[in-house]
Amino acid sequence: MNVLDTFQLKGRRALITGSSGGIGLALAQALGQAGAHVILNGRTASKVAAAMASLQAEGLSVSSSVFDVTNTQSVRAAVDRIEVEGPIDILINNAGIQIRGPLQDYADDDWHTIIKTNLDSVYYVGQAVAKKMIPRATGKIINICSVQSELGRPGIAPYTATKGAVKMLTKGMAIDWGQYGINVNGIGPGYFKTELNQKLVDDPVFSAWLIGRTPSRRWGNVEDLGGAAVFLASDAARFVNGHILYVDGGVTATL
Ligand code: NAP
């Protein structure tokens, strides 16, 4: 087989959590363009519907499943419903939030909200989907990590804790599920202009610092992540397991 053919996702079905906007929507577009049928998710039905319409207008094959990734019962019910239509061959655990604040003043509620959204959800959705993949002896799971899986910054300790944990959960999933033909890898995005980062995008001091700190000398565009996602979701990555692929313009390479 020609190596380029191994990147094809034709006939595969991919569930991407938190794909009504930002990075998730860009990943959905990339997988769709590579031939996959994409199942969009988010909590807000109107946002999911708008995202679906935008991808359908491009001629991509899309459906939707609105559920909250922090609710284990909703997750299991949604995965069961999706699997009635067809298998989930690819899962991207992307839904995530940021709640900034100095650690000494951080509210317990915010701590629990960020942990359950960024970390518990990866376990809930990952486990529910892996249970379907294991009997089929095939599947691809991609967890969206961050440069904060490796590096901290002032005022984001809880977020950093979640992303460090998602990195290690990715390795644990790869170790437990590799024997069942499942590849579990992570993508670690650098700084991308999305709603989650709007505060930083609007701050010229931060922007200048970031661009100076990034070897590629710019912010990331969400489209920069598509190639990494298609690769890890495809047969081209069949022997890549437990790896975190940083797409960060070199941020994690330098002090
Ligand atoms: P975003 O623009 O804020 O989008 C987040 C998406 O997740 C939305 O579709 C949102 O829709 C959904 N979502 C949030 N909570 C959810 C829940 N409980 N259940 C289901 N869906 C939920 O964020 P983003 O910047 O694209 O970030 C996506 C992922 O990339 C996150 O894991 C983030 O940590 C990671 N990341 C981002 C950057 C960056 O520079 N932006 C860098 C590194 C890593 P609803 O609110 O309608 O549910």
Side-chain angles (χ1 to χ4, degrees), residues 16-34 42 47 50-51 54-55 58 92-106 110 113-114 117-119 122 142-168 170 185-233 237 240 243-255:
I16 305 174
T17 67
S19 46
S20 60
I23 288 174
L25 180 55
L27 300 180
Q29 184 185 37
L31 265 56
Q33 288 174 353
K47 276 170 64 182
S54 76
L55 296 186
E58 232 189 275
I92 304 186
N93 279 310
N94 166 78
I97 56 166
Q98 172 64 288
I99 307 173
R100 296 182 183 84
L103 194 56
Q104 66 276 17
D105 300 326
Y106 212 74
D110 288 342
T113 300
I114 198 166
T117 308
N118 293 8
L119 176 59
V122 178
I142 300 167
N143 296 329
I144 301 304
C145 302
S146 167
V147 290
Q148 266 88 43
S149 298
E150 302 292 340
L151 304 167
R153 264 188 49 74
I156 58 165
Y159 179 86
T160 306
T162 65
K163 291 298 179 178
V166 172
K167 175 183 78 169
M168 292 314 295
T170 301
N185 292 290
I187 293 176
Y191 280 87
F192 287 77
K193 291 186 177 179
T194 66
E195 237 177 271
L196 179 138
N197 272 337
Q198 198 55 51
K199 252 188 174 160
L200 304 180
V201 174
D202 295 342
D203 176 350
V205 176
F206 179 87
S207 219
W209 171 82
L210 175 70
I211 291 167
R213 166 80 180 72
T214 305
S216 295
R217 292 285 179 270
R218 64 170 176 84
W219 279 81
N221 302 314
V222 287
E223 294 77 21
D224 297 333
L225 294 159
V230 169
F231 167 58
L232 291 175
V240 182
H243 183 73
I244 313 299
L245 177 47
Y246 289 96
V247 181
D248 64 355
V251 164
T252 47
T254 178
L255 278 174

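Worth knowing before you read on, the calculation uses all heavy atoms, side chains too, and leaves out hydrogens, waters and symmetry mates.
- If you take OH on Y106 and CD1 on I156, they are separated by 10.0 Å, rounding to the nearest 0.5 Å.
- Distance alone, capped at 3.5 Å, is enough to place a donor-acceptor pair between the T117 side chain and the T113 backbone.
- A pairwise comparison of heavy atoms in I244 and C145 identifies CD1-SG, 4.0 Å as the closest pair.
- For A228 against V247, the heavy-atom pair with the smallest separation is CB-CG2, 3.8 Å.
- Rounding to the nearest 0.5 Å places CZ of R213 at 7.0 Å from CG of L255.
- The shortest non-hydrogen separation linking P215 to G249 is CD-O, 3.3 Å.
- Judged by distance alone, the side chains of N94 and T17 never bring a donor and an acceptor atom under 3.5 Å apart.
- At most 12 non-hydrogen atoms from other residues, nucleotides or ligands lie less than 6.0 angstrom from CD of E195.
- Within the model, atoms CD1 of I97 and CG of L196 stand 8.5 Å from one another, a figure rounded to the nearest 0.5 Å.
- One N or O on the side chain of S149 and one on the backbone of K163 form a donor-acceptor pair closer than 3.5 Å.
- Rounded to the nearest 0.5 angstrom, I16 CD1 and N93 CG are separated by 11.0 Å.
- One distance of note links OG of S146 with CD of Q98; it measures 8.5 Å at 0.5 Å rounding.
- With T194 contributing its side chain and G22 its backbone, the two residues share no donor-acceptor pair below 3.5 Å.
- Not a single donor-acceptor pair under 3.5 Å links the side chain of N197 to the backbone N or O of V201.
- In plain terms, the two heavy atoms of A30 and G226 that are nearest each other are CB-CA, 3.5 Å.
- At a cut-off of 3.5 Å, with distance as the only test, no side-chain donor of Q29 or E223 sits close to an acceptor on the other residue.
- Using cut-offs of 30° and 60° for the angle between ring planes, the F206 and W219 rings count as tilted.
- Atom CG of N185 and atom CG of L232 lie 5.0 Å apart (nearest 0.5 Å).
- When atom types are taken as modelled, the side chain of T254 and the backbone of V251 share no donor-acceptor pair closer than 3.5 angstrom.
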D224 vs R218, salt bridge (Lys or Arg N to Asp or Glu O under 4.0 Å): CA-CA, chis, key distance, verdict: CA-CA 12 Å; D224 297 333; R218 64 170 176 84; 2.8 Å; yes
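- Checked by atom type and distance alone, the side chain of N143 never pairs as donor or acceptor with a backbone atom of V166 at under 3.5 Å.
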